[in-house]
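Written out below as structure tokens is the structure these notes cover.
Residue numbers begin at 1 in each chain, while the letters A, B, ... track the order of the sequences. These numbers come from a predicted model, not from an experiment.
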Number of protein chains: 2
Amino acid sequence: MVAFAMHKGQLHILLVRRGLEPHSQSWALPGGFVQHEETLAAAALRELREETSVALSPNHLEQLYTFGNPGRDPRGRIVSVAHMAVLPHGTPAVHAGGSTVGAAWFVAHDPPPLAFDHADILARAIRRLQTRLEYANLAFEFLPEHFTLPELQEVYEAILNQKLDKRNFRKRILSQGLLEPAGERRNGVGRPAQVYRRTKRVKYPGSAL
Amino acid sequence: MVAFAMHKGQLHILLVRRGLEPHSQSWALPGGFVQHEETLAAAALRELREETSVALSPNHLEQLYTFGNPGRDPRGRIVSVAHMAVLPHGTPAVHAGGSTVGAAWFVAHDPPPLAFDHADILARAIRRLQTRLEYANLAFEFLPEHFTLPELQEVYEAILNQKLDKRNFRKRILSQGLLEPAGERRNGVGRPAQVYRRTKRVKYPGSAL
DNA sequence: TCAAAAGTGTTAGCATTACACCCATGC
DNA sequence: GCATGGGTGTAATGCTAACACTTTTGA
């Protein structure tokens, strides 16, 4: 499971530190084996919760890709059905569970060395997130119910890893007609920002939720 | 495996008739179990060849999606990593092999009732093919080395299941600069068509070939 | 009054769409 | 000479990208 969240303007992912061989003490994506009467998505979510103790429900969950090359795991032929999830805003405290000895948030674009082929999985998840952003409005899933346009733009910039033009961004977002004003907010110094919320929440059809 | 090919201006898929329970005598997508030292894509390709006797190598092969809901197969928990392939032009004769009792081509947009959840798999494959067409130039993979623009347009129309404007289509394709003239062709009555071939074959990065 | 953050319009270039007639051949 | 299929251009519209200054607040 590649679990994404936004924190301080940066895209983060949730990793666990392995306690067992192979790759003991390495960082890895949380995951494990499917049980007999659960869906693949439910298994990914259960393993995420067991190994990292995150209590949050993701705002988005979708299957990413299946990695099954022989030799990707020294224990034998292991086929991993990778999923990706978008967690609500913020990076809450996490702690190890199950067979792991650590759990922590990392900046997605600058991860530590990862066990197995998990770096490939992460790279594919980031690419998918970037393309989904365009036509599935995934950015909203990273924010709380009320947010400002600069906050939304920050999400886009963190995921795409590039700066966007403020005026064009606002024009594009507001022309979609999915937002309605919901007050103002003062963030210390500077002019107060208009607060928005989504008018209707249209679920992306590929979502597993 | 969802194996696509183009024949007489229609998008076709290759199906097998099951000889064993469950769903004996039903039409189904070709497929089977992965062997220990082969990749997932190689397994899909091997099963396609064993069950349908197609000798052709696909021009494109990619992983589609993994179907693993409990209950999708009455024999137990079966997880299927669906793939899709584009075969070269035409629908060569096929015949049953392995445990199947039939193999045949069907029009993709009008399939017979399918075993298991294979109708879902087919629907997803067609959707994927339609979106890939746009940014991966997959249409060329359905045609022989030399082809005419009306033939290429026919591929687009069969996959998208809609008519396209001839002038706009030609403008769009030729402006990509991927084609070079390669003679003319007379097809019986009517003005001869300009024949083209690709200048460079740029593989789509998601391809498993 | 200064620094910080939010907000606001216009223009040029490019891509997309709609649309109707002439051309070359076989019979 | 006529039926068949191949080939061609233009105008309107919408979308994208580039670009700089004003407004509102706290300190």
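- Arg172(A) comes within 4.0 angstrom of nothing in the nucleic acid, heavy atoms only.
- In this structure, the side chain of Thr199(B) engages the main chain of Leu178(B) through a donor-acceptor pair within 3.5 Å.
- Closest to the Val189(A) side chain, of the nucleotides dA4(C), dT8(D), dA6(C), is dA4(C).
- With 3.5 Å as the limit, one finds a donor-acceptor pair spanning the side chains of His60(A) and Glu62(A).
- The CG-P distance, from Asn187(B) to dG7(D), rounds to 10 Å in whole Å.
- Distance, Gln162(B) CD to dT17(C) C1': 13 Å, rounded to whole Å.
- Note: CZ (Arg191(B)) to P (dT25(C)) measures 8 Å, nearest angstrom.
- Leu164(A) has its CG atom 10 Å from the P atom of dA17(D), to the nearest Å.
- Arg72(B) and Ser80(B) share a side-chain donor-acceptor pair at under 3.5 Å.
- Residues Glu184(A) and Lys166(A) each lie close to DNA chain D; by heavy-atom proximity, the contact nearer the 5' end of the strand is made by Lys166(A).
- Donor-acceptor pairing under 3.5 Å is lacking for the side chains of Arg170(B) and Ser175(B).
- Lys163(A) has its NZ atom 18 Å from the P atom of dA17(D), to the nearest Å.
- A tilted orientation is assigned to the rings of Phe147(B) and Phe140(B), their planes being inclined by 30° to 60°.
- Computed from coordinates, the Phe169(A) CZ to dA6(C) P distance equals 12 Å when rounded to whole Å.
- Classified by interplanar angle (parallel below 30°, tilted 30° to 60°, perpendicular above 60°), the ring pair His118(B)/Phe116(B) is tilted.
- Atom CZ of Arg185(B) and atom C1' of dT25(C) are 15 Å apart (whole Å).
- Atom-to-atom, CD1 of Ile173(B) to C1' of dT16(C) comes out at 14 Å; the value is rounded to the nearest Å.
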Give me, pair by pair, the N or O atoms of the protein and of nucleotides 9-11 of chain D that are less than 3.5 Å apart, along with how far apart they are.
unit_1	atom_1	unit_2	atom_2	d
dT10(D)	O4	Lys171(B)	NZ	2.9

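- Among residue pairs with one or both ends in residues 180-189 of chain B, those qualifying as side chain to side chain donor-acceptor pair (under 3.5 Å) are Glu151(B)-Arg185(B), Glu180(B)-Arg197(B); sequence neighbours excluded.
- Here Arg186(B) does not reach the OP1 or OP2 of dA24(C): none of its side-chain N or O atoms lies under 4.0 Å away.
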